[in-house]
2 protein chains.
Amino acid sequence: MPSVFDALSHPIRRDVLELLKRGGMSAGALADHFDVSKPTMSAHFAKLREAGLIQGEQCGGHIIYTLNLSTLEEALHGFMSRMGMNLTIPEDDQ
Amino acid sequence: MPSVFDALSHPIRRDVLELLKRGGMSAGALADHFDVSKPTMSAHFAKLREAGLIQGEQCGGHIIYTLNLSTLEEALHGFMSRMGMNLTIPEDDQ
DNA sequence: TTGTCATTTAGTTATTTAGCTAAATTCCTA
DNA sequence: TAGGAATTTAGCTAAATAACTAAATGACAA
């Protein structure tokens with residue numbers, strides 16, 4: 001069971017989270033953004049899933065991944081408060 | 001050259017950063033907090049150094065490691081602004 | 001300058017990670 | 001229900017990581 005910080009240690013996985021910031025995307029659409037094979041991307045998705053950072057939902061013939069921002073917030077908040085920093089989340093744009 | 005996120009991926013290294021939050025400590029004093037050998041700790045220090053998160057200064061027969069908080073802030077700030085979060089650093093206690 | 005303590009380097013091992021291709025699975029659609 | 005697209009699983013390889021012990025280095029102190 002990889003921690004959030006393990007999941008964040010690979011640049012592709014950080015990029016995936018950013019792509020998901022504005023809404024869900026299918027595994028294939030996500031994979032198209034990166035220059036590695038789809039099975040490799042599938043393994044990255046699995047690591048993000050196991051860390052609780054994303055979740056996938058079967059939707060038609062696709063799987064739509066969505067960001068679980070609260071897991072990320074919680075992990076960063078926990079670490080940063082240990083380090084004496086504060087995290088603030090801005091209000092949603094409307 | 002490991003990134004800040006690589007350096008943060010090991011729990012011992014995150015704990016080292018927290019121990020250094022309030023000031024410098026020698027390699028030996030830091031190592032005493034963990035249940036691994038000193039050479040193993042030396043490798044963890046090296047990774048933190050290469051990521052720019054700590055620096056060591058020869059001081060008497062010891063090496064004093066100090067936190068480079070700005071590197072951590074910059075990396076977290078960079079990632080969090082990509083993710084639509086904000087980081088604030090509270091004023092120093094006086 | 002020799003001894004001692006602190007730290008790092010060397011060298012080894014086991015495990016994990018990241019990547020690939022090929023095959024299996026899943027789920028729609030015709 | 002057969003075909004086809006999307007995704008994951010299996011199985012493999014190479015490289016990186018984390019750990020250890022033993023040896024080397026560095027820096028003071030007697």
Side-chain angles (χ1 to χ4, degrees), chain A residues 1-20 23-68 71-72 75 79, chain B residues 1-20 23-68 71-72 75 79:
Chain A
M1 26 190 93
S3 80
V4 169
F5 284 98
D6 290 324
L8 293 180
S9 71
H10 196 293
I12 284 184
R13 292 193 292 263
R14 294 193 296 274
D15 289 348
V16 166
L17 296 181
E18 187 182 3
L19 284 169
L20 292 178
M25 282 178 76
S26 75
L30 283 166
D32 287 343
H33 283 78
F34 302 94
D35 198 23
V36 296
S37 70
K38 286 177 195 288
T40 294
M41 286 306 297
S42 183
H44 285 308
F45 299 148
K47 222 159 244 188
L48 289 167
R49 248 190 282 115
E50 284 158 37
L53 286 166
I54 66 175
Q55 53 223 354
E57 193 177 2
Q58 196 66 241
C59 204
H62 298 222
I63 290 176
I64 302 296
Y65 280 112
T66 53
L67 184 60
N68 202 337
T71 300
L72 182 61
F79 176 63
Chain B
M1 26 191 91
S3 80
V4 168
F5 283 99
D6 290 323
L8 292 180
S9 70
H10 197 292
I12 285 184
R13 292 194 290 264
R14 295 193 296 274
D15 289 347
V16 166
L17 295 181
E18 186 183 3
L19 284 169
L20 292 179
M25 282 178 77
S26 75
L30 283 166
D32 288 344
H33 283 78
F34 302 95
D35 198 23
V36 296
S37 71
K38 285 177 195 288
T40 294
M41 286 305 296
S42 182
H44 285 308
F45 298 147
K47 221 159 242 189
L48 290 167
R49 248 190 282 119
E50 284 158 38
L53 286 167
I54 65 174
Q55 52 225 353
E57 193 178 1
Q58 196 67 241
C59 203
H62 298 221
I63 291 176
I64 302 296
Y65 280 113
T66 53
L67 183 60
N68 202 338
T71 300
L72 182 61
F79 175 63

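Chain letters run A, B, ... following the sequence lines, proteins first, then strands; residues in each count from 1.
Heavy-atom minimum distance, B:R13 versus B:K47: NH1-CD, 3.5 Å. For B:I54 against B:F45, the heavy-atom pair with the smallest separation is CD1-O, 3.7 Å.
When the nucleotides D:dA22, D:dT7, C:dA18 are ranked by their closest atom to the side chain of B:P39, D:dA22 comes out on top. Candidate nucleotides C:dG19, C:dA10, D:dA10 were compared by shortest atom distance to the side chain of A:V36, and C:dG19 ranks first. Of all nucleotides listed (C:dA6, D:dA18, C:dT21), D:dA18 comes nearest to the side chain of B:H10. Residue A:I63 has its side chain nearest to D:dT8 when only D:dA18, D:dT8, C:dA18 are considered. Distances were taken from every side-chain heavy atom of A:F45 (C-beta onward) to each of D:dA27, D:dA19, D:dT8; the shortest belongs to D:dT8. The nucleotide whose nearest atom lies closest to any side-chain atom of B:R13 is, among D:dC20, D:dA18, C:dG19, D:dA18. Closest to the B:T40 side chain, of the nucleotides C:dC20, D:dC20, C:dT7, is D:dC20. Listed candidates were C:dA6, D:dT21, C:dT8. Nearest to the side chain of B:Y65 is C:dT8. Considering only side-chain atoms of B:S37, the nucleotide from D:dT21, C:dT9, D:dA19 that sits closest is D:dT21. Of all nucleotides listed (D:dT17, D:dT9, C:dT8), D:dT9 comes nearest to the side chain of A:S42.
Residue B:R49 places none of its side-chain N or O atoms closer than 4.0 Å to OP1 or OP2 of C:dT7. Neither OP1 nor OP2 of D:dT21 sits under 4.0 Å from any side-chain N or O of B:K38. Here A:H44 does not reach the OP1 or OP2 of C:dT17: none of its side-chain N or O atoms lies under 4.0 Å away.
Looking at A:V4 and A:F79, their side chains never come closer than 4.5 Å, going by heavy atoms from C-beta outward.
Between the CG atom of B:D6 and the P atom of D:dT17 there is a distance of 7 Å, given to the nearest Å. Atom CE of B:M25 and atom C1' of C:dA6 are 14 Å apart (whole Å). Residue B:E50 contributes atom CD, which lies 10 Å from atom P of D:dT17 at whole-angstrom precision. Atom CD1 of A:I64 and atom P of C:dC28 are 12 Å apart (whole Å). When the C1' atom of D:dA6 is taken as reference, atom NE2 of A:H62 falls 6 Å away, rounded to whole Å. Taking atom CG on B:D35 and atom C1' on D:dA18, their separation rounds to 14 Å, with Å as the unit. The distance from atom CD of A:E57 to atom P of D:dA6 is 19 Å, rounded to the nearest whole Å. If you take CD1 of B:I12 and P of D:dA18, they are 9 Å apart, rounded to a whole angstrom.
Ring geometry for A:H10 versus A:H44: interplanar angle of 30 to 60°, hence tilted.
If you check every strand for non-hydrogen atoms under 4.0 Å, B:F34 touches nothing.
Applying the side-chain hydrogen bond (donor to acceptor under 3.5 Å, both in side chains) test to pairs two or more places apart or on separate chains, those with a residue in residues 24-34 of chain B are B:D32-B:K38.
Remark: the backbone N or O of B:I64 is not paired with any side-chain donor or acceptor of B:H62 at under 3.5 angstrom.
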